[in-house]
Amino acid sequence: MDSKDNLIRLNDKNLLTPNNPIIPVIYGDGIGPEITQCAIEVINAAVLKSYHKVKKVSWLKLPAGEEAEKKYGDRFPKITERSLLKYRFMLKGPLETPVGKGFRSINVHIRLLLDLYANIRPVKYINGLDSPLKDPKKVDMVIFRENTDDLYTGIEWRYDSKDAAAVRKFLNYKMNVSISGDSGIGIKPMSMEKTKRIARLAIKYAIANRRKVITIMHKGNIMKFTEGAFREWAYQVAIEEFRKYIVTEEEVNQKYNGRLPDGKILVNDRIADNMFQQIITRPGSYDLILAPNLNGDYISDAAGALIGNIGVLGGANIGDFGGVFEAVHGTAKKYAGKDVANPMGIIKAGELLLTHIGWDDAAGVISRSVNKMIKERKVTNDIAKFMKVKPLGTKEFTENLLDIIGK
Ligand code: NAP
């Protein structure tokens, strides 16, 4: 088959997935290779079970991270970049990013390369998981995190660099602010267009998936022209473009006696720090959270803890044409090569990938099978230690899951 026939295409805003798409995969660093291999086996099994041999993914392994550094002297070689631009969709293991020094995040680079502006992280309690909450069944939220703006653009200068000195000079003399001479500088850009496009995507998702509440998360009381503007622009999209679907909290209180009219989605906003306590004290109030990049990163790990562990969460990075699907957690290096890591996060990312390309039946097989594993208390050590059951190794977990899928 010509490789053009294996491309996922975009036709008038709809994805067209061939029966045998080529989908790149980066195995990643640390525990990445082990867990990514599990996810591939599980996805293949779910696709086979759902479509027999009519549909099948052809995986294209791309070099990146530590492995690519050794082979190509580059953690994100050109060959990987070219393939990604061609195929547009990818399953990805976690990649390392050093703290405070060294190379810039490849994860951020990939998101910017394909303009994957929405990081979507569903957090839903799975029956049987050990949660710190009294009533974890109330946890069913999806986080829409802006992915291309805010502090993650990485515009910053070391305190002792010439550039930092030049920026400080400009700010101190031209802008009349006072920044001490030993300060590193970072820039926090928040764009109207970037905020509006993720707000649009989140609201469309809420409508399509029957979500009831959209909460705009921000720290606009302090950062008025960045986070405050995020709040304002998100409301603008909701009110100007989705009027017949939404009502704001203010309208509910003023026009509807505090009761949400049937069939409408409530749009409200909350200050970020408040939300960290409220997702714990009243998780049932949160449904879809729309957040700028940094807040979204923090709140998704906190939300993951509500259902027991971030090791079980998968995420999707989506753009208008492209997607990278990965676990929410990182490389957990201390567990690398030990056959103890939990592969559920990247398996759930595989489920999101299948849903995104329209292979819902296969996605459903993964979802039901993972739920069954947890119900039967077949889990890896990170979860087993709380459930007080004997842990399965990474491979054993996968074999058990494959057995369930095969039945
Ligand atoms: P992390 O790798 O997620 O690990 C933090 C802790 O979470 C681990 O020590 C372990 O906890 C637990 N954990 C995470 N995933 C697990 C799994 N699959 N199975 C079992 N336990 C798991 O976070 P980090 O230490 O902050 O980051 C390490 C590196 O990963 C950094 O270089 C960071 O930049 C990178 N990272 C990459 C991505 C990505 O590629 N998208 C995302 C996040 C972080 P216990 O110690 O409690 O056992």
Side-chain angles (χ1 to χ4, degrees), residues 25-39 42 62 64-69 75-76 80 84 90-114 116 119-121 129-130 132 143 145 147 151-152 154 293-294 296-305 307-318 323-350 352-353 370 373-374 379-387 391-398 401:
V25 53
I26 285 176
Y27 277 73
D29 299 324
I31 58 171
E34 303 159 57
I35 58 168
T36 307
Q37 183 55 36
C38 298
V42 168
L62 297 179
E66 240 175 285
E67 184 200 18
E69 169 119 71
R75 284 184 174 247
F76 192 67
T80 299
L84 209 50
M90 172 167 76
L91 182 72
K92 186 187 142 295
L95 288 167
E96 195 187 331
T97 312
V99 178
K101 57 181 167 39
F103 54 90
R104 267 196 68 200
S105 166
I106 301 168
N107 298 314
V108 174
H109 181 72
I110 292 171
R111 290 167 199 164
L112 297 178
L113 186 72
L114 294 178
L116 306 177
N119 184 196
I120 305 170
R121 294 174 164 181
L129 280 178
D130 194 60
I143 297 159
R145 167 192 173 202
N147 230 1
L151 290 163
Y152 277 66
N293 207 336
L294 185 62
D297 200 11
Y298 293 156
I299 199 82
S300 27
D301 274 32
I307 61 161
N309 195 307
I310 61 160
V312 304
L313 292 184
N317 300 283
I318 304 289
V324 170
F325 300 81
E326 60 186 344
V328 166
H329 64 75
T331 56
K333 233 177 174 172
K334 67 180 176 186
Y335 295 134
K338 294 192 175 152
D339 193 35
V340 294
N342 188 351
M344 258 178 69
I346 190 157
I347 290 170
K348 293 298 277 180
L352 294 172
L353 164 65
V370 166
M373 286 284 287
I374 291 171
V379 289
T380 47
N381 188 47
D382 52 326
I383 298 178
K385 64 189 175 197
F386 298 111
M387 283 184 172
L392 302 183
T394 312
K395 283 190 191 135
E396 207 181 348
F397 176 92
T398 311
L401 185 55

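Because the structure is a prediction, the values reported are computed rather than measured. Every number for a ligand or one of its atoms is a count from 1 in the order of the listing.
In this structure, the side chains of Ile35 and His329 come closer than 4.5 Å at one or more pairs of heavy atoms.
Classification of Asp29 and Lys333 as a salt-bridged pair fails, no side-chain N sitting under 4.0 Å from a carboxylate O.
Contacts of Ser300 classified as side-chain hydrogen bond (donor to acceptor under 3.5 Å, both in side chains), with partners at least two apart in sequence or in another chain: Arg121. Listed by chain and number, the residues in a ring pair (Phe, Tyr, Trp, His ring centres under 6.0 Å) with Phe397 amount to none (sequence neighbours excluded). Remark: Lys348 engages Glu351 in a side-chain hydrogen bond (donor to acceptor under 3.5 Å, both in side chains) (not counting sequence neighbours).
With Tyr152 as the aromatic partner, Arg111 does not meet the cation-pi criteria of under 6.0 angstrom to the ring centre and within 45 degrees of the ring axis.
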N/O pairs closer than 3.5 Å, ligand 1 and protein:
unit_1   : atom_1 : unit_2 : atom_2 : d
ligand 1 : 2 (O)  : Gly330 : N      : 3.4
ligand 1 : 2 (O)  : Thr331 : N      : 3.0
ligand 1 : 2 (O)  : Ala332 : N      : 2.8
ligand 1 : 3 (O)  : Gly330 : N      : 2.7
ligand 1 : 15 (N) : His329 : ND1    : 3.3
ligand 1 : 18 (N) : His329 : NE2    : 3.2
ligand 1 : 18 (N) : Asn342 : O      : 2.9
ligand 1 : 19 (N) : Asn342 : N      : 2.9
ligand 1 : 30 (O) : Thr331 : N      : 3.1
ligand 1 : 30 (O) : Thr331 : OG1    : 3.3
ligand 1 : 32 (O) : Thr97  : N      : 2.9
ligand 1 : 32 (O) : Thr97  : O      : 3.0
ligand 1 : 34 (O) : Thr97  : N      : 3.4
ligand 1 : 34 (O) : Thr97  : O      : 3.4
ligand 1 : 40 (O) : Lys92  : NZ     : 3.2
ligand 1 : 40 (O) : Leu95  : N      : 2.9
ligand 1 : 40 (O) : Asn107 : OD1    : 3.2
ligand 1 : 40 (O) : Asn107 : ND2    : 3.0
ligand 1 : 41 (N) : Glu326 : OE1    : 3.1
ligand 1 : 46 (O) : Lys334 : NZ     : 2.6
ligand 1 : 48 (O) : Tyr335 : OH     : 2.4

